[in-house]
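Computation of the quantities below employed the complete heavy-atom set of this structure, encompassing side-chain atoms and omitting hydrogens, waters and symmetry-equivalent molecules. A, B, ... follow the sequence lines: proteins, then strands. Residue 1 opens every chain.
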2 protein chains.
Amino acid sequence: MKKLLTIRQVAEITKLSVHTLRYYEQIGLLSSIGRDKNGYRCYSSEDITWIEFLTRLKATGMSINKMIEIAELRRQGDSTLNARRVLMEEHYQEVQEQIADLQKNLDLLAHKIVIYKEMETIYELGQKKKCEE
Amino acid sequence: MKKLLTIRQVAEITKLSVHTLRYYEQIGLLSSIGRDKNGYRCYSSEDITWIEFLTRLKATGMSINKMIEIAELRRQGDSTLNARRVLMEEHYQEVQEQIADLQKNLDLLAHKIVIYKEMETIYELGQKKKCEE
DNA sequence: CCTTGACTTAGAGTTAACTCAAAAGTTTAT
DNA sequence: ATAAACTTTTGAGTTAACTCTAAGTCAAGG
């Protein structure tokens with residue numbers, strides 16, 4: 001016995017807007033979302049799981065186009081499991097590199113902050129001198 | 001004796017396009033770029049240093065608007081050194097948190113990759129069985 | 001002298017990823 | 001039963017950060 005959810009409930013659970021949920025479906029990120037007798041969307045718990053997976057991909061900077069690619073492979077069934085895993089592993093590597101770059105640039109900025117502090121001290125000394133004059 | 005550079009040379013050094021250099025100047029990221037007798041831009045080594053600093057801010061995900069804010073403080077001189085340092089420290093903290101989040105999400109994806117591998121094995125066993133039938 | 005190519009400007013066009021609006025049908029609360 | 005709050009669709013609008021185009025000026029090479 002599956003319990004189905006309305007678009008609003010899914011929006012609350014996933015923290016996406018109802019707009020975005022419809023948009024994701026339209027561009028092919030979500031497929032075969034069920035409908036009730038009036039054509040209202042009914043989301044299953046598998047749909048939620050999939051949306052949460054997408055959210056994680058997004059949180060690691062994957063583009064919508066890349067996600068659509070994976071969604072299309074998924075639609076083709078289990079024979080694409082290997083292809084999907086390869087894409088995921090590539091993405092994993094890319095993000096690891098991104099994190100390393102980010103940390104490197106951040107360390108350089110930390111050094112800049114030190115320089116700011118030095119310059120501040122010099123500036124303050126100059127101001128103090130002015131006061132004394 | 002300063003040596004001045006053309007926009008094209010600066011584009012090569014900084015890896016920004018000439019378009020982008022003009023755009024950055026237009027929106028207030030770069031100020032007081034010198035001009036020669038024909039109105040051609042002449043960049044100084046301090047300009048290059050500043051552009052490279054901006055590039056580092058960008059590499060750590062700072063928005064153009066935030067960078068403009070810092071550029072405007074810089075234009076106001078040394079009295080804004082403290083304000084600028086505070087902004088930088090805030091940015092530093094934010095990026096550290098971003099990196100932590102990114103790593104957390106990436107670890108969750110790594111787990112998903114393991115699951116893919118398990119599913120692949122099951123699928124392959126299924127296929128093998130079909131062959132044997 | 002003429003063409004090639006770097007430079008100038010103002011302003012239009014692009015891309016990603018939403019985000020909203022309008023018009024109409026449906027469900028719920030009173 | 002009727003108003004408020006949901007849902008639907010199509011298609012237009014938004015934002016950031018570029019990116020390009022057109023129309024023009026200027027200097028150097030053949």
Side-chain angles (χ1 to χ4, degrees), chain A residues 3-44 47 51-72 91 94-95 98 105, chain B residues 3-44 47 51-72 91 94-95 98 105:
Chain A
K3 52 180 169 187
L4 298 173
L5 299 158
T6 69
I7 196 165
R8 185 150 297 263
Q9 290 170 320
V10 174
E12 274 194 16
I13 293 168
T14 62
K15 314 290 178 195
L16 297 175
S17 71
V18 292
H19 296 302
T20 304
L21 284 170
R22 283 193 280 249
Y23 166 68
Y24 277 7
E25 190 176 341
Q26 188 197 321
I27 62 175
L29 273 184
L30 277 45
S31 47
S32 65
I33 298 296
R35 300 292 179 121
D36 73 6
K37 63 182 179 350
N38 297 311
Y40 286 22
R41 287 171 180 79
C42 300
Y43 293 82
S44 69
D47 292 331
I51 292 166
E52 281 170 349
F53 175 56
L54 291 175
T55 303
R56 201 149 295 134
L57 291 180
K58 192 166 131 51
T60 52
M62 186 178 284
S63 73
I64 294 267
N65 279 345
K66 196 87 181 263
M67 288 195 261
I68 290 174
E69 218 181 295
I70 293 174
E72 266 161 15
H91 178 63
E94 281 166 28
V95 178
Q98 267 176 44
N105 279 300
Chain B
K3 53 181 172 190
L4 299 172
L5 299 159
T6 69
I7 197 166
R8 185 149 297 264
Q9 290 170 320
V10 175
E12 274 194 15
I13 293 167
T14 62
K15 314 285 178 200
L16 297 174
S17 71
V18 293
H19 295 303
T20 304
L21 284 170
R22 283 193 280 250
Y23 167 68
Y24 277 7
E25 191 176 339
Q26 189 199 321
I27 62 175
L29 273 185
L30 277 43
S31 46
S32 65
I33 298 297
R35 299 294 178 119
D36 73 5
K37 61 182 182 344
N38 297 312
Y40 288 20
R41 287 171 180 81
C42 300
Y43 294 79
S44 70
D47 293 331
I51 292 166
E52 282 170 349
F53 175 56
L54 291 176
T55 302
R56 202 150 293 135
L57 291 180
K58 192 167 130 53
T60 52
M62 186 179 283
S63 74
I64 293 268
N65 279 345
K66 196 85 182 265
M67 289 194 261
I68 291 173
E69 218 181 296
I70 293 175
E72 266 161 14
H91 179 62
E94 281 167 28
V95 178
Q98 266 177 43
N105 279 299

First locate atom CD1 of A/I33, then atom CZ of A/R41, and finally report the distance between them rounded to the nearest 0.5 Å.
8.0 Å
What distance separates A/N105 CG from B/K58 NZ, expressed to the nearest 0.5 Å?
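If we round to the nearest 0.5 Å, A/N105:CG and B/K58:NZ are 11.5 Å apart.
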Starting at [atom1] of [X] and ending at [atom2] of [N], how long is that distance when rounded to a whole Å?
X	N	atom1	atom2	result
B/D36	D/dA28	CG	P	11 Å
B/N65	D/dA17	CG	C1'	10 Å
B/L29	D/dC18	CG	C1'	12 Å
A/I51	C/dC18	CD1	C1'	16 Å
B/I64	C/dA16	CD1	P	18 Å
A/R8	C/dT28	CZ	P	14 Å
B/E25	D/dC18	CD	P	15 Å
A/L21	C/dC20	CG	P	14 Å

Pair A/Y24-A/I64, side-chain contact (heavy atoms from CB on, under 4.5 Å): steps then yes or no:
CA-CA 9 Å; A/Y24 277 7; A/I64 294 267; 3.8 Å; yes
Under 4.0 Å from OP1 or OP2 of [N]: is there any side-chain N or O of [X] that close?
X	N	value
B/Y24	D/dA17	no
B/R41	C/dT9	yes
A/H19	C/dC20	yes

Nearest nucleotide by nearest heavy atom, which residue falls closer to the 5' end of DNA chain D, A/R35 or B/M67?
A/R35
With sugar-phosphate meaning primed atoms plus P, OP1 and OP2, does [X] contact a base, only sugar-phosphate, or nothing at under 4.0 Å between heavy atoms?
X	result
B/T6	sugar-phosphate
B/I7	sugar-phosphate
B/K66	nothing
B/R22	base

Taking all non-hydrogen atoms of both residues, which atom of [X] and which atom of [Y] are closest, and how far apart?
X	Y	value
A/R22	A/I7	CG-CD1, 3.6 Å
B/L30	B/Y43	CD2-CE2, 4.3 Å
A/I13	A/E52	CG2-OE2, 4.1 Å

Detail all sub-3.5 Å separations between protein N/O atoms and N/O atoms belonging to nucleotides 22-26 of chain D.
{"residue": "D/dC26", "atom": "O3'", "partner": "B/N38", "partner atom": "OD1", "Å": "3.2"}
{"residue": "D/dC26", "atom": "O3'", "partner": "B/N38", "partner atom": "ND2", "Å": "3.3"}

Looking at B/L16, B/L21, B/D47, which hits side chain to side chain contact (heavy atoms under 4.5 Å, CB included) with B/V10?
B/L21
Considering only heavy side-chain atoms of A/S63, the closest of C/dA17, C/dT19, D/dA16 is C/dA17
